[in-house]
Amino acid sequence: TRTPVTVTVTGAAGQIGYALLFRIASGQLLGADVPVKLNLLEIPQGLKAAEGTAMELDDCAFPLLRGIEITDSADKAFDGANVALLVGARPRTAGMERGDLLSANGGIFGPQGKAINDNAADDIKVLVVGNPANTNALIAQQHAPDVPADRFTAMTRLDHNRAIAQLAKKLGVTVEDVKKLTIWGNHSATQYPDIFHAEVAGKNAAEAVNDEKWLAEDFIPTVAKRGAAIIEARGASSAASAANAAVDHVHTWVNGTAEGDWTSMGIVSDGSYGVPEGIISSFPVTTRDGRFEIVQGLEINDFSRSRIDASVHELIEERDAVRSLGLI
Ligand code: NDP
């Protein structure tokens, strides 16, 4: 029998954690034949709730689940980790300045990066979900000098999935008909969902839409502000769809993108498309055998260029802010 894959989830007792853990334990993250061990990291106040979730996980009798560890020690939580989903983060509260938010998260993601560096398995893959996800991922990555930088990623898959759903609805096609959509930049309101290279049932999506006003005034803001719209409607932030996107992100990273398609991931820039090297920005990527590559050679029109630049500019500002705070 296969040795179990160790999956560490931080903020495990939170909303997203609750939607995520059952999917991982049922085999949807890594595959229906891959046994998993779950390591749950929580802050001390969250441990009891995490134990409650672990009781429910036991009660599912998932055949693939080979053990659950619950701890408030990052060193223990990342011990032998093959996959780490960093979900817990310090939310922005009323009156909080950006510097305060970044400092609070630096205090979480710096030590977690170091704990990953010191304890995780050699093949560790990290997905940061907790916001500000790109910059939190950068902080963690900078504290893990022994881990290849490309193992630290930030989640823009929810934005990617939201954009596919909106585009499919507009064109009256199924989501499966939409390929090669790209989210560029930051997982924030400045993100840029790009349909100029997307294909819908084999045709160019931007040509099929043929409506720049819809693109600029409807599609892009709808995707970028979807999180707020869900809070408004549900009275709580999106959790199941965020967990679903985290599952998709890791599943695609491990199992590969389909021929003729790509996905969006926040990854350390190699300078492609004018995005400064070292920042964690979303790109179109193909994945294969657990590795990913940025899709090269896409022509970027003026409409796209200005939007990519604006989001990348925000990431540069966030990087400079965490630098000047001494967090990286
Ligand atoms: P959630 O599980 O709802 O959210 C966790 C994080 O995911 C937040 O940073 C949230 O950002 C982010 N996120 C990213 N994408 C989305 C999305 N589409 N929709 C909603 N959230 C998104 O938070 P809870 O408060 O329920 O749970 C957090 C848990 O983390 C708590 O149990 C807490 O104890 C724990 N925690 C652990 C820490 C640690 O491990 N050191 C530190 C801090 C908290 P946003 O804030 O923008 O909504």
Side-chain angles (χ1 to χ4, degrees), residues 8-23 39-54 69-78 81 84-94 96 98 100-116 126-137 139-140 143 153-163 165 183 186-191 223-249 264-266 280 282 318:
T8 303
V9 179
T10 77
Q15 275 212 90
I16 295 176
Y18 191 72
L20 182 60
L21 293 169
F22 297 85
R23 308 251 336 243
N39 285 1
L40 312 186
L41 179 64
E42 257 299 347
I43 50 178
Q45 315 79 289
L47 288 174
K48 187 156 182 257
E51 275 160 23
T53 305
E69 291 284 342
I70 303 166
T71 179
D72 60 0
S73 152
D75 283 332
K76 280 191 196 138
F78 293 113
L85 302 169
L86 309 190
V87 178
R90 178 72 163 79
R92 188 188 286 270
T93 41
M96 204 176 194
R98 186 172 72 165
D100 302 333
L101 181 73
L102 294 172
S103 290
N105 281 299
I108 297 167
F109 288 87
Q112 289 185 2
K114 185 174 187 312
I116 288 168
V126 182
L127 169 62
V128 176
V129 175
N131 281 317
N134 298 54
T135 297
N136 288 340
I139 294 169
H143 284 78
T153 66
M155 188 166 93
T156 52
R157 185 62 174 266
L158 181 55
D159 309 304
H160 181 96
N161 288 345
R162 285 167 171 168
I183 303 293
N186 200 1
H187 169 68
S188 76
T190 67
Q191 65 172 276
V223 173
K225 295 180 196 156
R226 187 73 167 174
I230 286 168
I231 292 174
E232 169 68 25
R234 235 189 124 229
S237 63
S238 43
S241 54
N244 178 69
V247 169
D248 283 353
H249 176 112
S264 304
M265 286 168 73
I280 296 197
S282 188
E318 288 183 15

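One-based numbering, in listed order, for ligands and for the atoms of each. Reckoned from all heavy atoms, side chains included, excluding hydrogens, waters and symmetry mates. For this chain, numbers begin at 1 and follow the sequence in order.
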Checklist entry - By salt bridge (charged side-chain N to carboxylate O under 4.0 Å, His left out), which residues pair with R90, not counting sequence neighbours? => result none
Next on the checklist: Going by the rule side-chain hydrogen bond (donor to acceptor under 3.5 Å, both in side chains), which residues pair with D72 if we only count those two or more places apart in sequence or in a different chain?
Outcome noted: none
Next on the checklist: Going by ring pair (Phe, Tyr, Trp, His ring centres under 6.0 Å), name the residues that satisfy it together with H160, two or more places apart in sequence or in a different chain.
Outcome noted: none
Checklist entry - Would a 4.5 Å heavy-atom cut-off, applied to side chains only, mark N39 and K76 as touching? => result no
Checklist entry - So which residues, sorted by chain and number, lie with a heavy atom under 4.0 Å of ligand 1? => result G11, A13, G14, Q15, I16, E42, I43, V87, G88, A89, P91, I108, Q112, V129, G130, N131, L158, R162, H187, S237, S238, A242
Next on the checklist: Quick check: do F78 and L41 have side-chain heavy atoms less than 4.5 Å from each other?
Outcome noted: yes
Checklist outcome for this item: side-chain contact (heavy atoms from CB on, under 4.5 Å) test vs M155 passes for just one of L86, N134, L127, namely L127
